[in-house]
Novice: 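Structure incoming, see below.
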Amino acid sequence: MPIPLPLDSAREEILAALAVNGSLVLSAPTGSGKSTRIPPMLLGEARGKVLVLEPRRLATRLVAARVAQEMGCPLGGPVGYQTRHEGRVGPDTRLLYLTQGLFLRMLLDDPRLDKVSALVLDEFHERHLDGDIALAMALRLRRTTRPDLAVVVMSATLDTETLSDYLDCPVVKTRGRAFPVEVRHIDAAEDRPPWEAAARAVREIVRAGESGDILVFMPGGYEIRRTVEAVRDLHLPEPLTAFPLHGEMPAEEQDRALAPATNRKVIVATNVAETSITIPGVRHVVDSGLARVARFDPRRGINMLTVQKISRASAEQRAGRAGRTEPGTCRRLWSLYDHQGRSEHETPEIGRVDLSQALLLLNALGVNDIGTFSWLIPPPDAAVRSARDLLASLGATAPDGDPADLDHRFPPPSGNLTELGRQMARVPAHPRLARLVLEGERRGCRDDAALVAALLSERTILRPGPRNPLAAASDDLSDLLARFSQAREHGFDDAFCQGRSLSASAARQVDRTWRQLRQTGQARHHRTARACTHGSADAGRPAGSASNRGLSPPFRSSLSPDPEPRTLPLCLLTAFPDHVAARSRPGSPVFNLTGGRRATLSRETLCTDCDLVLACEIAEIEGGSGLSTVLSLLVPLKPDDLLEMFCNRMGLSSELSWNRETQVVEQIESTRFFDLAIEETRGIPTDRTAAAALLARRIVAEGLHLSGFDDRVEAWVERLRFVATTFPEKGLPVFDDADRQRAIEALCGEDYRYAKVKDRPALEAVRSLLSPAHRRFVDEMAPERIQLPRGHRIRVSYPQGQRPTGRARIQDLYDLPSTPRIAGGRVPLLLEIAGPNNRPLQVTDDLANFWKVLYPQLRAQLQRRYPRHEWR
DNA sequence: GAGCACTGC
């Protein structure tokens, strides 16, 4: 017999509100029983299925089991659940618990949710990206084809006004059942490490004779280790046992921290203890008020992990952990004044993370204009731009319209999924990894590529601790693959893995994901989704139980002799074209990463001697010694690999004899762009105009083939300011708007109108100053730095032939003695493609149509010359 | 003062 809960009394109110509005926001604190009571309540009224979306797998399974038990039916009967790798769904399942992410996958197969009557979003206040998207899609359905779809949003926070405005529906609030927690603020000195204050607070609790276990919140593993040490050094009369607790720990060790102990426990935990894990016996919370938070920096395309002050809502949640079973206390290691200055909520995920996967999925769901999509809170523009750029560079989207009509490229369109993009959206992984899997399939190394994708998308299988080097592995990735295959050959045996500092559970997880990814997201995925919505013959059994044991598909180790040993690096290059790094100079530990970033190699890497690498992982870490960009999971590259990638992008064959060295050197040099430019600037005499012209030239040359242009202008101005203040003797300008205008005039001539760079994206501004023909020219020339086959050159010259230059790069245009006047779309320059022996192949004076007309001709010639080559 | 939070398909 179910225990009565406060929510049961709100039943009439909830059903009445839902009957009138079709949607509802339910505000009820954690522990009020909303996850278990509301969905069955809805099921009684619904004709079709009820879907309940949970943020976490664990909660999905546990809540479904609880509900099935309370309803007195087997799991997989009327009540079921489904997560990525396991589930209990039967033909009779009408109440289905599933993760938010799986729901979005389901929409790909069943966009109208035909058999679904009601949708419940549980724990919505956590504001995961998938939850925001799921809700927005539900709203869209209600507004279009499914006005009858009931939507209930459940949130633990009281701030529900935005939500009810968004859904245009009422809010029902209920009380919780928590015990009071006495909160004290302890003003710890901010410049002291948090573990010292935490240890003092623990001592205070013990000395005051307050009983009960203590839960300490720290931002990360490092702080946890220090706190555990500090607590051990307290030497209190009462024996304490301190346990670390964080997500990277193996499950057995986590269990040990949660299990009852003879001594009083001090559990030092990260945010895992805030929501995901409930710890019995805790009466006291000590809160550092800090958390490591992942953010995506769209300007640099980098994931950062920084220590931040938690919000007031998060502090409230942490304090609540002390009052689950009886009244408790919470000591906050920051002042009340600090507390009042903190933000109310954490930034929702949509405001901080990489959006490329979300964007790809939305495109595949037919949402082509992200700008007008009905977000609860729209994502930041810069993040959307960055995601679009990434999708385009991965080949998932294509610019619309006539490719030659480049004026329509700004702002870039969000839709226009390519066939490749459509396939990528079906692969349940980040777009980069989806591309990796598909490229692997195309190049005949599907299994290896899918395994790499699985290893990169799941938690690392490497545990801290000593590992014997594998003789056969020469780089990080093949080392990882070899270790995984060893673990797999031993059936992911716990003892075997432990002895080799591998996590058996993480490896099993990778194995499951690998099995899914190697199907490239099509056949199997259909089945899963069908099972969710329509039921299927093999449902009702834990999914994967048949395939996970015994029968194992042949595993081709990447260490086995490979007829095409460079295949995997080439696949990786399509997935991570911007993760290439070159050593800054021989022997230096500093690497230059594409886009002007600097980085160092991870300590664990095997590729210590490589000069050109691809980094599967790039992270910016805020550690004890400041901020550093660290490259890890490295694969050595050969210059030929880069060449191959360029050729692929150009649709040309690398078998032609190209001018390889030039290309590679150029690419590597472009990664050092900012440093070179600064050196140049330093050497310039005290001439403001010259400095401005240099800046403008660089802006155009750099900005047109890289994204995030406006930010680059700002970065550039910053750099110049830095140089100006560091080398005052050079008399360089402090760069202001007047200098900007001068720069643009130097670039374009004085009769062009000045557009304020700050107001609009700088690229737009500079481009708008150019005539249409000139604009097309720079657009087409600079982006890819198109190269010609060996012996062929592009020459730029005046009609009179005053100043022919070497290769036609955009800088060369601005190196001409005076800026060419442009009129009527005709450019008084001659462009010629010179063949071997300088024999001109083509000449034109129409720059606007140069690539449109000449490039296909050139390509046709090449095709005739190399007929046996396979042209793409 | 070793260099890393938590989810999820």
Side-chain angles (χ1 to χ4, degrees), chain A residues 53-60 82-85 98-109 123 126-131 133-134 191-196 217-227 229-230 245-249 269-277 290-295 303-308 310 314 346 349 352-353 357-358 360-361 364 424-431 433-434 453-454 457-460 464 509 512-513 516-517 521 524-525 528-529 532 599-605 617-632:
Chain A
L53 276 48
E54 296 284 340
R56 274 175 296 283
R57 293 178 194 166
L58 188 69
T60 307
Q82 181 76 50
T83 60
R84 179 175 193 172
H85 294 305
L98 74 171
T99 47
Q100 295 170 343
L102 194 61
F103 169 75
L104 295 179
R105 294 281 138 195
M106 203 168 102
L107 276 182
L108 280 176
D109 285 315
E123 309 281 6
E126 292 191 13
R127 297 299 305 280
H128 296 275
L129 178 55
D130 285 349
I133 295 174
D191 55 339
R192 303 295 304 160
W195 51 86
E196 289 183 6
F217 282 103
M218 282 287 155
Y222 174 70
E223 291 84 355
I224 287 176
R225 274 196 300 280
R226 302 287 302 196
T227 311
E229 283 166 21
L245 178 64
H246 54 84
E248 295 269 297
M249 275 166 43
T270 58
N271 260 345
V272 269
E274 188 179 305
T275 49
S276 315
I277 296 173
L290 302 171
R292 279 211 167 71
V293 179
R295 273 175 186 281
N303 282 311
M304 299 185 305
L305 207 53
T306 58
V307 176
Q308 296 194 348
I310 60 169
S314 175
E346 302 304 326
E349 220 177 41
R352 344 180 295 252
V353 301
Q357 194 174 351
L360 181 60
L361 184 88
M424 282 166 65
R426 290 261 161 195
V427 181
H430 187 276
L433 302 179
S457 66
E458 297 295 333
R459 173 169 293 173
T460 174
Q509 188 71 25
R512 283 194 285 265
T513 301
Q516 190 182 34
L517 290 179
R524 186 181 177 279
H525 186 77
T528 317
C532 290
T600 53
L601 305 189
S602 93
R603 283 197 202 120
E604 297 86 19
T605 186
E617 291 176 349
I618 302 177
E620 188 146 280
I621 297 166
E622 191 178 48
S625 50
L627 221 59
S628 54
T629 303
V630 181
L631 311 177
S632 51

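Residue numbers begin at 1 in each chain, while the letters A, B, ... track the order of the sequences.
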Novice: Counting just side-chain N and O atoms, does A/Thr99 come under 4.0 Å of either OP1 or OP2 of B/dC9?
Specialist: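 So the side-chain polar atoms of A/Thr99 do come within 4.0 Å of the phosphate oxygens OP1 or OP2 of B/dC9, strictly under.
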Novice: Rounded to whole angstrom units, what separation is found between the CG atom of A/Leu360 and the P atom of B/dC9?
Specialist: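 So the CG-P distance, A/Leu360 to B/dC9, works out to 17 Å.
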Novice: Does A/Arg57 have a side-chain nitrogen or oxygen under 4.0 Å from the phosphate oxygens OP1 or OP2 of B/dC9?
Specialist: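 A/Arg57 to B/dC9 OP1/OP2: side-chain N or O found under 4.0 Å.
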Novice: Determine whether a donor-acceptor pair (one donor, one acceptor, N or O, separation below 3.5 Å) exists between the side chain of A/Gln100 and the base of B/dC9.
Specialist: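 No, the side chain and the base share no sub-3.5 Å donor-acceptor pair.
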Novice: Any base atoms under 4.0 Å from A/Glu274, or only sugar-phosphate, or nothing? Heavy atoms, all strands.
Specialist: nothing
Novice: Atom CG in A/Asn271, atom NE2 in A/His246: separation rounded to 0.5 Å?
Specialist: 13.5 Å
Novice: Tell me the interatomic distance from A/Glu123, atom CD, to B/dC6, atom C1', rounded to whole angstroms.
Specialist: 14 Å
Novice: Would you tell me if any nitrogen or oxygen in the side chain of A/Arg84 comes within less than 4.0 Å of OP1 or OP2 on B/dG8?
Specialist: no
Novice: Determine the contact category for A/Leu601: base if any of its heavy atoms lies under 4.0 Å from a base atom, sugar-phosphate if only primed atoms, P, OP1 or OP2 are that close, otherwise nothing.
Specialist: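 A/Leu601: base contact, heavy atoms under 4.0 Å.
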Novice: From the options B/dC6, B/dG3, B/dC4, select the nucleotide whose nearest atom is closest to the side chain of A/Val272.
Specialist: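 So the side chain of A/Val272 is nearest to B/dC6.
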Novice: Any idea which of B/dA5, B/dC9, B/dA2 is nearest the A/Gln357 side chain?
Specialist: B/dC9
Novice: Indicate, yes or no, whether a donor-acceptor pair under 3.5 Å links the base of B/dG3 to the side chain of A/Glu604.
Specialist: no
Novice: Write down the distance between CZ (A/Arg225) and P (B/dA5), rounded to a whole number of angstrom.
Specialist: 8 Å
Novice: Look at all strands and tell whether A/Thr513 reaches a base, only sugar-phosphate, or nothing, counting heavy atoms closer than 4.0 Å.
Specialist: nothing
Novice: Under 4.0 Å, heavy atoms only, any strand: does A/Ala291 hit a base, just the sugar-phosphate, or nothing?
Specialist: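 No contact.
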Novice: Within the structure shown, what part of the strands sits under 4.0 Å from A/Thr275 by heavy-atom distance: base, sugar-phosphate, or nothing?
Specialist: nothing
Novice: Please pick, from B/dA5, B/dG3, B/dG1, the nucleotide with the shortest atom-to-atom distance to any side-chain atom of A/Arg226.
Specialist: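 My answer, after comparing the listed nucleotides, is B/dG1.
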Novice: Please report the shortest heavy-atom distance between A/Ile224 and A/Leu245, naming the atom on each side.
Specialist: CD1-O, 3.9 Å
Novice: Looking only at the side chain of A/Arg292 (C-beta and beyond, no hydrogens), which of the listed nucleotides B/dC4, B/dG3, B/dC9 gets closest?
Specialist: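 Among the listed nucleotides, the one closest to the side chain of A/Arg292 is B/dC4.
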Novice: Just the rounded figure in Å: distance from C1' of B/dG3 to NE2 of A/His246.
Specialist: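 That distance rounds to 14 Å.
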Novice: Between A/Val293 and A/Ala429, which residue's closest nucleotide on DNA chain B lies nearer the 5′ terminus?
Specialist: A/Val293
Novice: Could you check how far CG of A/Leu245 sits from P of B/dA5, rounded to whole Å?
Specialist: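 Whole-Å distance recorded here is 12 Å.
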Novice: What residues, two or more places apart in sequence or in another chain, satisfy side chain to side chain donor-acceptor pair (under 3.5 Å) together with A/His430?
Specialist: A/Asp354, A/Ser356
Novice: Taking side chain to side chain donor-acceptor pair (under 3.5 Å) as the test, write out the residues that go with A/Thr605, two or more places apart.
Specialist: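 Here the qualifying residues are A/Asp476.
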Novice: Does A/Gln509 form a side chain to side chain donor-acceptor pair (under 3.5 Å) with A/Arg459? I'd like the steps, not just the answer.
Specialist: CA-CA 8 Å; A/Gln509 188 71 25; A/Arg459 173 169 293 173; over 6 Å; no
Novice: Return whichever of A/Trp195 or A/Gly221 has its heavy-atom-nearest nucleotide of DNA chain B closer to the 5' end.
Specialist: A/Trp195
Novice: Establish, with yes or no, whether the OP1 or OP2 oxygen of B/dG8 is under 4.0 angstrom from a side-chain nitrogen or oxygen of A/Arg459.
Specialist: no
Novice: How far apart are the C-alpha atoms of A/Asp130 and A/Arg105, what are their side-chain angles, what is the distance that settles it, and do they pass the salt bridge (charged side-chain N to carboxylate O under 4.0 Å, His left out) test?
Specialist: CA-CA 10 Å; A/Asp130 285 349; A/Arg105 294 281 138 195; over 6 Å; no
